[in-house]
Amino acid sequence: MIRYDRLPLIQGLLDYAKEKNARFHMPGHRNEETIEELSILKENLYSFDVTEVEGTDNLHYPEEIIARSQALLTRTMGSKESLYCVNGSTASNYAMIFGLLKREETVLVQRNCHQSIYHAISLLDLKPAYLLPEMVEEFNLPSFITLNELMRVHQANPKAQAVILTSPTYHGMVTDIAPLSEYCDRHGLYLLVDEAHGAHFPFSPLLPDSSLKSGAHASSVSFHKTLPSLTQGSVLNLSEKLTEEERYRIRHYHRVFQSSSPSYPLLASMEMARYYMEEKGDASYQSLLKEITALKSNLMKIPGIRILGKKEVPLFDETRLVINAPFPGAEMDRILREEHQIQCEMTEGKNLIFILTPFDKKEDLARIAHALKAISRKNEKRWSEAMEEHPSHHSMRMQVPIRRFSENEVLHLSMEEVLLKEASGRICAEKVVPYPPGIPLLLPGEVITEEILDALDAYYAENANILKSGSREKDRIFVLKENPAL
Ligand SMILES: Cc1ncc(COP(=O)(O)O)c(C=O)c1O
């Protein structure tokens, strides 16, 4: 008999599965029983879990089955070369940045990028100059980067070697890459795009163009976020604009940042995701998008509900459902899970984010509108009072951080722990990252301002999950001991 009390991890996963929630979170392969093609993977999970022997090729030096699979992938992604990556887009991001940039070079970086970009910057001691995205006021969300913003920051930092963008964002907001790419080509800048949330774009003409199609030099896409791949599956796309030498260097770092024992079940699941999408993607997205239109129009009938869309951002991934509701997101999340067996991807302020895929059942999609209607009715008085409040708890403006030291320099300086309320003006010595979405509020070496402290207070008031690399206490923060700014 299995002693589950000694299997806390397995017990936890079984408990979650038992809840039978309609899942609108990663990975993209929910309701896998409806995807016939995945049965080959399920039935062979353990027999596919092999190592590099005769006939199974080698991810790091592919010549046989993996090379053939990557050739098919390359054709579908419309790249010069596409590489499987088993360590997520985290490693794909590292590989493209390390392959193309030298230590201490200047890069123009979208401030609302994922922490993996910040980690690469820190490891290479790159000098970041930040591109500030447009804000969507009603949702208090950072969105896309304009050509004007790129030109402004580039003119102030003419030595920059590369531009690093995030498109789409976690919330489905897409930057119009083509004009930025023309600008980068004219000025000898690499354009690297973290497209972790846009792996599905090449599979339907109804979705935005992929960044590679729009002129990026390289992009990383997480297959597991929106496609029916197992978690950690990512693809690194390299464009024909890169020389063989540049691609050689990227391939080198692609090996450096990945396990020497890559998972074959994971690789197989990425191959199957590509195959499935080639066969059925177009038709599946056509019907999914129709269902989403119907769902959104039902949601819009509920008083107090706002839906993010093309009205706010011209280029938008309609499969990302971002709902702004009168109640705090954390409370909505709890009610949806406990009372309606619906689990969204994440909440942030008063926004709820759902990742929708062709594998969602029609009846599950309908449940979202049903549940929200029920919550608004059950709490009618409080709901209508809350509708009068600002749609967002706080309105943190994305701002250019004041950066005094690099992360590496900070790691070699003395630090101390102080109360947050006494930290204004000090230099931060740790990472402070609301997660999700994983966009740093403060990085080591940046000056702590009153505005940032207010934003942090607001996040805590919403019960947001704040990852801190130093202090374990909510009301404290690691700062540099000697404060050269004072
Ligand atoms: C914008 C963005 N880039 C990169 C990543 C990292 O991707 P992965 O989880 O595949 O390593 C994430 C993860 O959430 C992300 O949101």
Side-chain angles (χ1 to χ4, degrees), residues 24-29 77 82-98 107 109-123 130-131 133 141-145 163-175 177 192-201 208 210-212 216 218-237 253-254 256-259 262-263 266-267 269-270 273 313 316-317 319-320 322 344-348 351 353-355 357 398 431 433-441 464-465 467:
F24 296 102
H25 58 73
M26 300 170 208
H29 61 70
M77 302 312 277
S82 289
L83 306 170
Y84 287 127
C85 180
V86 294
N87 290 19
S89 288
T90 298
S92 298
N93 282 339
Y94 288 166
M96 67 184 180
I97 292 172
F98 271 71
V107 284
V109 187
Q110 189 163 339
R111 176 65 179 175
N112 56 325
C113 65
H114 183 257
Q115 53 185 338
S116 55
I117 303 286
Y118 284 104
H119 290 158
I121 288 173
S122 154
L123 288 169
Y130 292 110
L131 300 163
L141 289 174
S143 60
F144 53 87
I145 299 295
V163 175
I164 307 176
L165 300 179
T166 304
S167 177
T169 62
Y170 219 118
H171 306 85
M173 296 187 264
V174 178
T175 287
I177 301 283
L192 312 183
V193 182
D194 175 351
E195 203 174 14
H197 292 272
H200 51 308
F201 288 178
S210 73
S211 62
L212 217 70
S219 68
S220 51
V221 298
S222 290
F223 261 38
H224 66 97
K225 293 196 195 300
T226 50
L227 301 177
S229 151
L230 292 177
T231 296
Q232 275 184 234
S234 165
V235 167
L236 175 55
N237 296 310
Y253 284 108
H254 184 251
V256 168
F257 289 114
Q258 290 192 87
S259 167
S263 158
L266 174 50
L267 290 169
S269 80
M270 280 194 273
V313 239
F316 184 69
D317 172 11
T319 68
R320 202 53 58 109
V322 181
C344 65
E345 165 69 20
M346 68 162 175
T347 69
E348 193 186 48
N351 299 326
I353 293 98
F354 298 75
I355 297 181
T357 78
M398 296 291 297
K431 281 195 193 75
V433 187
Y435 196 92
I439 299 166
L441 200 54
N465 180 29
L467 302 181

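Every number for a ligand or one of its atoms is a count from 1 in the order of the listing. From a predicted model like this one, the values you see are computed outputs, not experimental measurements.
Heavy-atom minimum distance, Ser143 versus Asn112: O-ND2, 3.9 Å. Scanning all heavy atoms of the two residues, the minimum distance from Gln232 to Leu266 falls at CB-CD2, 3.8 Å. In this structure, Val193 and Ala216 approach most closely via the heavy-atom pair CG2-CB, 3.8 Å.
For ligand 1 and Ala196, the ligand atoms under 4.0 Å from any heavy atom of the residue are 2 (C), 3 (N), 4 (C). Within ligand 1, counting atoms from 1 as listed, the ones closer than 4.0 Å to a heavy atom of His224 are 8 (P), 9 (O), 10 (O). Atoms of ligand 1 lying under 4.0 Å from at least one heavy atom of Ser222, given by number and element, are 7 (O), 8 (P), 10 (O).
Distance CZ/Phe201 to OG/Ser210: 9.0 Å, rounded to 0.5 Å. Taking OH of Tyr84 as the start and CG of Leu236 as the end, the distance is 13.5 Å to the nearest 0.5 Å. Rounding to the nearest 0.5 Å places CG of Leu192 at 12.0 Å from SG of Cys113.
One side chain, Ser222 or Ser89, offers a donor N or O that lies under 3.5 Å from an acceptor on the other.
The proximity of Thr166 to ligand 1, defined as any non-hydrogen pair under 4.0 Å, is limited to the side chain. With a 4.0 Å heavy-atom cut-off, ligand 1 is reached by no atom of Ser234. Residue Gln232 does not touch ligand 1, judged by heavy-atom distances below 4.0 Å. Contacts between Asp194 and ligand 1 below 4.0 angstrom, taking non-hydrogen atoms only, involve the side chain exclusively.
The shortest N or O to N or O distance between Ser89 and ligand 1 is under 3.5 Å. When only interatomic distances are considered, the shortest N/O to N/O separation between Tyr170 and ligand 1 does not fall below 3.5 Å.
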